[in-house]
Every structure is written in structure tokens, then in C-alpha cells.
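Throughout, a chain's letter reflects where its sequence line sits, starting with A, and its residues are numbered from 1.
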Amino acid sequence: MPDAGIRVRFAPSPTGHLHVGGVRTALFNWLFARHHGGTFILRIEDTDRSRSTEENLGFVLDALTWLGLDWDEGPPAPGYRQTERFDLYRAHAERLLRAGRAYYCDCPPAQLEAERKAAEARKETFRYSGRCRDRGLAAGALRLRIPDEGSTVVHDLIHGPVVFEHRQLDDWILVRTDGTPTYNFCVVVDDVDMRITHVIRGNDHLSNTPKQVLCYEALDYPVPQFAHASMILGPDRSRLSKRHGATSVQAFRDEGILPEAMVNYLARLGWSHGDQEIFTRQELIERFDVKDVASSGAIFDRTKLEWFSHEYLKMTDGARLAAMAIPFIERAGLPVPADRARLAAMLETLRERAKTLVELVEVGRFYFERPREYEPKAAEKFLTVDGAQRLQRLIELVQAAEPFTAEVIETAVRALAAELSLKLVDIAQLARLAVTGRTASPPIFQVLALLGRDETLVRLRAVQVAIAR
RNA sequence: GACCCCGUCGUCUAGCCUGGCCCAGGACGCGACCCUUUCAAGGUCGAGAUCGCGGGUUCGAAUCCCGCCGGGGUCACCA
């Protein structure tokens, strides 16, 4: 049942590369919007000017684009960065002040700090005393007046009702003494202004939610629905961070993880639909329900991410593989085959042998360059006087094969093996070592056909020379 | 420390609301075997969870109630 009225947002702070935790939040929001036919908004929280840079914003936009998480509203359109919206925050602050729901406070930071320490010593939560509540000051930091009694209930779509006693909350700062609005205030004003109906974000924001709810109420605005997804954890079960290794989307992209694998893995991390693991994008959109998002934290498991990537690699046709792999071939310092169709065919022989694009190139290195060396143990076994004789027969066979296809070569090699009373594997491995320098590769006859008669002969002869020495 | 969230195989999870179909199912990873020109892929099988712990309710609890314990998060004129 499409509900065009649904509006959700992803509000990253461009202070670095986009983190997998952030991406999952973006993904859940995007899926929720697409599932309901609603609107997905991208908003940039760039009030931290020292760390928010254009370059970082570029990383965020690139990452979302790479994953196919398109936004309906947001950059480059103006009006979706907090730094562009200061007037709005100021206007709301004044409203709150006039209505008596907020007041100025000029308590010196040093004194506040002392009180905080004292509260800590008494083993209590620090809570602003409310000293300036009724002083009627005309300047200072603007605080929200929070009721002393009662409680606020956050009706979370994932966790159910969560109760917070007002005694635990304090009159938090909306606007600093220097006139800049604080994060929690900006979020409320922005969400109201953008008519956000559902706030889907990380669990780390749950504790701040009652403060925000009280702010909505003070402003006399409807409170949106909240859904706090669990966090992504490192192996030690603490929140995933850089010290747990690569966590930016950019890093996974550089490693050659396929974007659809990233999306599928992140979706399954904390969300499930029965026993199904692999979902097409369309299935994800159809089946996603925020109610099915898990409430417990989940450890990030790159092994499983790689499994997904492997699965998608196996399903990808040669043409797309080629398009995706070319940058990786170049980055490895290898020449990109000019014949695109041939490259596509090569990559298709490789895809079930690699979990990432980086591995795809590595495992198929021999397609792009001649072997620099031969695996020592195998060389000892195959590159012998006997081997040289077999190699000679192989060369003759390659010269004669017509047409030069895997099938024709295979038939001829099988006949040769029978003639020499050898097992097929003996000749196959000799050929493999000669042509790839290794003992593992895609089916050797296919490899020879893909390499072509001339290149095959060059490599076989090179081995003959190596043996002769 | 206070407050809040969370707690099923190593990991992600199903089941929990509406107790019995669960001496707990699937997936990743791991092991074995089959297939096989190598490596993969594929197929088959297997090991792996006394459902955090302790009480209680009940004929019967992973599922309901109570109490603990453990982990994480939040407590800024940071975002």
C-alpha cells in the first residue's frame, strides 16, 4: 500500500568516508521509502565546519551512488545543508523563547564543569540545575525548559515503548552563547521543516530521543515515528570503528566487493525475511519492513560479505564483468586486452574462482601477462627431459588444431594422452604450468583457446627454452 | 556511576507476541566424501546452541512472570 506521504531522511555528517554503519542506516531508510512509495531525502549535517569538507561530501555522494541509493531530495539542490539553514534555527529558537519554553542561561562553563564533577562524585547523572530558569536573562546559551515531573515515552517501531523519566533529563542547550544551534536542535527543526514522518537511525541516538520529543512538543509540532536500528559491532562486540579494520564503503569498493553484495549483506545484517539470504533489489524493496529489523547488535563479518560478493560475481555476465574489472586490471599494472568480447569470455572463466574484483584479476593474471616464473614444486615435477618431449608433441598439436577451439584441443590432447599411455591430468598440468606458470587455473583447454594459438605457442616454446637451460 | 538498549550454534539469524509442530530450523565459516584435466563451482553428509544464569507459573517454556549477571550505548555551549 503505497503511501506517498511517507518521508524519511539520511543525514550524514561529511567528516570522512562513509562508514558501513551509516550506509546501513541509509539503506534502511531508502528501502523503507521505496517500499512505501515515499520520499527519501539526503540532508547534510555540516555544522562542524572544521571537519566537514567538500571532498568528504563527495565521498558520501559517491558511496550512495555506487550502491544505487538514489535520493529524491537533497544535494546538489540548495537547502539541504545545515549551514544553509541558520535562519530557520534562529526563528525557531525565538519562538521557543517567546513562548517561555526556552530561556537564556549564562552559567560559566567552568561552574557547569564543577557541578558535573560533583554529580559524578555523588554517582549521579549530571543534570543542569535550572539556576537560570527564571532569571529572565536576555542573552547567553538558550536552554529548553523540561518539565520536572512525569515521563516521556518514545514509541519505537523496533523496540516498542521506551520510557524516560524527566528527572533523568535536563534543560539542554538549543543554541550556544555564540549563536550557533546545537545538533539536537538542528535535527528537530530540520525534521519538522522537511516534514519527516519516520526517523530511522542508529541505536546510539535512542537516549537523545526523549529530549528531541520534548522539543517537538514545545514547538507544538507533531512527533515523527522513530525506529532505532541496532548498531554494527566489531569482533569484540563494541561499536564498529576504524580500529577494527577497513570500515568505509570506499575501502570495500577498492577491494572489489560488488555493490549489490554490499547492499544485500548490509540488508541481511540485522534484518531478515525467513530463511532467505539472496535478495534482488526489487525483492528487498518488496519485503523490507522496519518491524523485521533486529533489536540486537550484529558483528560485522567480512567473510560473509565476501560470500555474497562471490555469489553475485558468479551471476554476472562477461560484459558487465569486463566493465567492472577494467579499472582493477589497470590498477594492477596489467594491460587491458583490446578485444572486449575476448576479455568478457576470459572473465567468465574466472568469476566462480574469485570473491572480489581484485581476486578476479589476480586469479586470471596469466590472461594479461606471460608467466614470470613457474611454480617451483610443479616445475621440478613437470619441467623435465620427459616434459620437454611432451611439450614438443603439444606444440605440434597446437599448430595443427583446426579450428583452435577448446573442444578441438581437448579431443587432440586426449588422443595424445592415450597414445603416450598417460593420464590426461599429466598433460593438462604440464600445459597449465607452461601457459599460466601455476597449477591452478580455469579448464586448460578453454584457457588455451582464449589465449589464442600464437600466444599459446610463444608460451610453450618459452618453457622448452627454460628446460633446455 | 545513573539512565537506556540488548543477550538462540564461532558469526548472521528463524522461532518468542498467539506456550506443545523445537531434545531448536536456515545461512556463512569449518570438516569429510562425490564429481573432476588442476583450482574452483556444484552435490551429499557431518561436527557445532543444555535458547546468558537462577527461581517461578504450567501437564508442558527458547517462548509467560520475577530476580540476577554479562555486553553495548548515552550522559558536552561534539555531531
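Screening A:Phe288, A:Trp271, A:Tyr312 against A:Phe279 for a ring-ring contact (aromatic ring centres under 6.0 Å, His included) leaves a single residue, A:Trp271.
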Tabulate protein N/O versus nucleotide N/O from nucleotides 67-70 of chain B, keeping only pairs under 3.5 Å, one per line.
none

Could you write out each protein N or O paired with an N or O of nucleotides 24-26 of chain B at a distance under 3.5 Å?
{"from": "B:G25", "atom 1": "N2", "to": "A:Asp275", "atom 2": "OD1", "distance (Å)": "3.1"}
{"from": "B:G26", "atom 1": "N2", "to": "A:Glu277", "atom 2": "OE2", "distance (Å)": "3.3"}

Close N/O contacts between protein and nucleotides 71-76 of chain B (under 3.5 Å):
{"from": "B:G73", "atom 1": "O3'", "to": "A:Arg239", "atom 2": "NH1", "distance (Å)": "3.3"}
{"from": "B:G73", "atom 1": "N2", "to": "A:Ser207", "atom 2": "OG", "distance (Å)": "3.4"}
{"from": "B:U74", "atom 1": "OP1", "to": "A:Arg239", "atom 2": "NH1", "distance (Å)": "2.8"}
{"from": "B:A76", "atom 1": "OP2", "to": "A:Arg116", "atom 2": "NE", "distance (Å)": "3.1"}

Please tabulate, one pair per line, each protein N/O and nucleotide N/O from nucleotides 34-38 of chain B that are separated by under 3.5 Å, including the distance.
{"from": "B:U37", "atom 1": "OP1", "to": "A:Arg414", "atom 2": "NH2", "distance (Å)": "3.1"}
{"from": "B:U37", "atom 1": "O2", "to": "A:Arg432", "atom 2": "NH2", "distance (Å)": "2.7"}
{"from": "B:U38", "atom 1": "O4'", "to": "A:Gln429", "atom 2": "OE1", "distance (Å)": "3.3"}
{"from": "B:U38", "atom 1": "O2'", "to": "A:Thr439", "atom 2": "O", "distance (Å)": "2.7"}
{"from": "B:U38", "atom 1": "N1", "to": "A:Arg432", "atom 2": "NH2", "distance (Å)": "3.1"}
{"from": "B:U38", "atom 1": "O2", "to": "A:Ser441", "atom 2": "N", "distance (Å)": "2.7"}
{"from": "B:U38", "atom 1": "O2", "to": "A:Ser441", "atom 2": "O", "distance (Å)": "3.0"}
{"from": "B:U38", "atom 1": "N3", "to": "A:Arg432", "atom 2": "NH1", "distance (Å)": "3.0"}
{"from": "B:U38", "atom 1": "N3", "to": "A:Ser441", "atom 2": "O", "distance (Å)": "2.4"}
{"from": "B:U38", "atom 1": "O4", "to": "A:Pro443", "atom 2": "N", "distance (Å)": "3.0"}

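Side-chain contact annotation: A:Asp386 with A:Thr384, donor-acceptor N/O pair under 3.5 Å absent.
Nucleotide B:G31: paired with B:C45 (Watson-Crick or G-U wobble, both distances less than 3.5 Å). The pairing partner recorded for B:A2 is B:U74, the criterion being a Watson-Crick or G-U wobble arrangement whose two distances lie under 3.5 angstrom. Across all strands shown, nothing is found opposite B:U57 as a Watson-Crick or G-U wobble partner with both distances under 3.5 Å. When Watson-Crick and G-U wobble pairs are counted only if both distances are under 3.5 Å, B:A62 pairs with no nucleotide at all.
Residue pairs satisfying the side-chain hydrogen bond (donor to acceptor under 3.5 Å, both in side chains) criterion with at least one member in residues 344-357 of chain A, sequence neighbours excluded, are listed as follows: A:Thr349-A:Tyr367.
Classified by interplanar angle (parallel below 30°, tilted 30° to 60°, perpendicular above 60°), the ring pair A:Phe252/A:Phe300 is tilted.
Here the side chain of A:Thr47 is nearest to one of B:A79, B:G29, B:C4, namely B:A79.
On the P atoms, B:U18 is 27 Å away from B:G26, given to the nearest whole Å. Taking the P atoms as reference points, B:C6 lies 15 Å from B:C66, given to the whole Å. Taking the C1' atom of each, B:C68 and B:C59 are spaced 29 Å apart, rounded to whole Å. Distance noted for atom C1' between B:C23 and B:A62: 12 Å (whole Å).
Of the charged side-chain nitrogens involved, none lies within less than 4.0 Å of a carboxylate oxygen, so that A:Arg287 and A:Asp292 do not count as a salt-bridged pair.
Between A:Lys314 and B:A40, a side-chain N or O to OP1/OP2 separation shorter than 4.0 Å is absent.
Between the P atom of B:A79 and the CG atom of A:Asn56 lies a distance of 16 Å, rounded to the nearest Å. The NE2-C1' distance, from A:His310 to B:A27, rounds to 16 Å in whole Å. Per the geometry, CG belonging to A:Leu269 stands 13 Å off C1' belonging to B:A27, to the nearest Å. Residue A:Phe164 contributes atom CZ, which lies 6 Å from atom P of B:C5 at whole-angstrom precision. Across the protein-nucleic acid pair, A:Glu115 atom CD and B:G1 atom P stand 23 Å apart, rounded to whole Å. Rounded to an integer number of Å, the gap from CG of A:Asn264 to C1' of B:C28 is 13 Å. Between A:Leu350 atom CG and B:A41 atom P the separation is 14 Å, expressed in whole Å.
For A:Tyr265, there are no side-chain hydrogen bond (donor to acceptor under 3.5 Å, both in side chains) partners two or more places apart in sequence or in a different chain.
Contact between A:Leu112 and A:Cys107 at its shortest, heavy atoms only, is CD1-CB, 3.7 Å.
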task: Could you give me the CA-CA distance, side-chain angles and deciding distance for A:Arg145 and A:Asp134, then say whether salt bridge (Lys or Arg N to Asp or Glu O under 4.0 Å) is met?
output: CA-CA 10 Å; A:Arg145 192 186 300 271; A:Asp134 303 310; 3.6 Å; yes
